[in-house]
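Report on the structure given below.
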Amino acid sequence: MLSHLINTDLGNRGMGKIYPEYRLHNGDFVKKASQELFEKLEHVLIVTGFPVPPLNTPENDGPAGALAIFHAIKKLGGEAEVLTYPLVGKFLTSQGVRFIPAEEYTEIPLEDYSFLIAVELPGRSRNGKYYSMRGLDVNTSPIDSLFLAAEKRGIPTVGIGDGGNEVGMGKISALIEKYVSLGNKIVSTVPTEHLIISAVSNWGAYALVAMLSIIAGENFLTWNEEEVIKEMKECGLIDGVLLHPSFSVDGIPAKIHFTMATLMSQVVEHGLQRQIL
Ligand code: ZN
Ligand code: ZN
């Protein structure tokens, strides 16, 4: 049911059409990703940050999700680190979380990690360039190479995305080309072992946290979503659709994100009481 909720396609960007086809053969995609993560919490690397052109300022979809996953892993007794851009790092620091600057990605000792998670991270297209949903060039280093290298080493990975141009979407490139406008151009060629598709990437991350909560028997969806979005605005992260700092994410007002997070939290409470889901 969590996968239904997070694919409520309010932005009408394509996931509403892709989700029914994806779930035909991947019905338990949130559950499977959460179960493997739960078993491999020793040292998790979370990578997030999508610089949106033309200003190439990181957007606020992704960072909030990465933060929620970070806290859940810590509460479960695991270790986690976040690799991201300095502006996202400013937001994380305001929440008491340290970060590894994105430019240091080449120094990451992959062999030390048990699991990798990409939340709204640009994935290279067929010609090797990175594109926004509008088909504009994204100015980013090839950080997605971490996920290609992890696959070669057999390190499990999860990709969380909402548009088709993110790390993980290489797993469903045919569906992206079929349903997303400019899909042929922007589609990411970078697959991940697990792929969580959602209408907003933060929601995909929250679903992962919700399922970890169910597995662990403790609700980790306890933050105030409006306060988180307000803090991201104050740090200068932009709404990726409106292209300026805003009390919204992906053009959707903060109140709706608050309501979605609250609904997921209540679904978790219900699941914990009834032992269902
Ligand atoms: Zn996206
Ligand atoms: Zn988004």
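Just so you know, residue 1 is the first one in the sequence shown, and it goes up from there. Whatever order the structure lists ligands and atoms in, that order sets their numbers, starting from 1. Every heavy atom of this structure was used, including side-chain atoms; hydrogens, water molecules and symmetry mates were not.
Under the ring pair (Phe, Tyr, Trp, His ring centres under 6.0 Å) criterion, Tyr19 pairs with His4, not counting sequence neighbours.
Looking only at atom types and distance, the side chain of Tyr130 has a donor-acceptor partner in the side chain of Asp144 under 3.5 Å away. Counting only N and O atoms by type, the side chains of Thr140 and Tyr85 include a donor and acceptor under 3.5 Å apart. Side-chain atoms of Asn165 and Ser125 form no donor-acceptor pair, as typed in the model, at a separation below 3.5 Å.
Leu182 is not connected to Val138 by any chain of hydrophobic side-chain contacts under 4.5 Å among Ile, Leu, Val, Met, Phe, Trp and Tyr, and they are in different clusters.
Around the Zn ion (ligand 1), the protein atoms of type N, O or S found under 2.8 Å away are Glu120 OE1, Glu120 OE2, Asp162 OD1, Glu166 OE2, listed by chain and number.
A donor-acceptor contact shorter than 3.5 Å links the side chain of Asn56 to the backbone of Asn139.
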